[in-house]
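Just follow the structure's listing: the first ligand is 1, and inside any ligand the first atom is 1.
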Amino acid sequence: MSAKIIDGKQIAADIREELKTTVAGLKEKGIVPGLGVILVGADPASQSYVTAKERACENIGIYSDDNRLSAETSQEELLALVDKMNNDPKINGILVQLPLPKQIDEATVLLAIDPEKDVDGFHPMNVGKMMVGEDTFLPCTPHGIVQMLARSGVETSGAHVVVIGRSNIVGKPVANMLLQKKEGANATVTLCHTRTKDVGHFTRQADIIIAASGWPNTVTADMVKEGAVVIDVGVNRVDDPSRERGYRLVGDVDFDAVKEKASMITPVPGGVGPMTITMLLYNTVESAKRANGMD
Ligand code: GUN
């Protein structure tokens, strides 16, 4: 069996069309959702994410305030900019691109963002709300994965989901979201990580595998049950002299072999990636609605 490819680009485009309509409706009421973006330093991957976020905002009609700061920026300077955005009524969402340079303490910065503008869903208050199942901003990559599963007709209720990777950005929140007592969740979740003794022992029992380890070939075909759904969150550069730029992007899953066993699989690129930015736009629009008493 060759797996059905879950087209993240198409699902993301569908959601963005819905958002465009919502944004146009808000504009008629004089409301323009605004996103403040802060990038510190010149990490190439972060630069391309941030550029893609800015373009996506423009495309659906969200105002974006872009700030690219030098790698030497102090924590005080960054906190001052966050504070300015916290108090700017044109800004409904604040995004500080991670990782931050080593002179800046990430936890301090995340804590300084107004939880009402925390469209990344990284503030401890919003993380706590997510954990107890309250309405809040959901972190964008996990939320994108949950949306992808739902819009592809994948049943999560009672399914065994095995997540690989325990980051605060993907692994921990996606595990948490899928075990909630809610529609589109209700899964039995196993969270594997670098100290798990035999990851394959768990993944072979999985109905749904979510690979977010950050390493190519973390999931090979022998680790996958026939008919499983495989979501690949990885974006890894591997050398490829046949390409002009000298590398190509691969996920955490051995795609060519695993697609012969899985029932559905996400590609890299074109899978989870486009969903992340889309859910950021979604959160920004939601925030603008809330700020105007519309939610
Ligand atoms: N770095 C990698 N992913 C993300 C994300 O979703 N948000 C932010 N702010 N930084 C990131």
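In Leu98, the parts holding a heavy atom less than 4.0 Å from any atom of ligand 1 are both the side chain and the backbone. Under 4.0 Å from ligand 1, not a single heavy atom of Leu280 appears. The proximity of Tyr49 to ligand 1, defined as any non-hydrogen pair under 4.0 Å, does not occur for either the backbone or the side chain.
Scanning the protein for heavy atoms near atom 11 (C) of ligand 1, the closest one is Gln97 NE2, 3.4 Å. Nearest protein heavy-atom neighbour of atom 8 (C) of ligand 1: Asp120 OD2, 3.4 Å.
A salt bridge links Lys289 with Glu286: the closest approach of a Lys/Arg side-chain nitrogen to an acidic carboxylate oxygen falls below 4.0 angstrom. Salt-bridge annotation for Glu72 and Lys102: absent, with no side-chain N of the basic residue lying under 4.0 Å from a carboxylate O of the acidic one.
For Val96, a nitrogen or oxygen atom sits less than 3.5 Å from a nitrogen or oxygen atom of ligand 1, counting backbone and side chain alike.
Of the residues listed (Asp207, Thr190, Thr188), the one engaging His160 in a side chain to side chain donor-acceptor pair (under 3.5 Å) is Thr190, and it is the only one.
Two rings, from His143 and Phe137, have their centers 6.0 Å or more apart.
Checked by atom type and distance alone, the side chain of Thr156 pairs as donor or acceptor with a backbone atom of Gly184 at under 3.5 Å.
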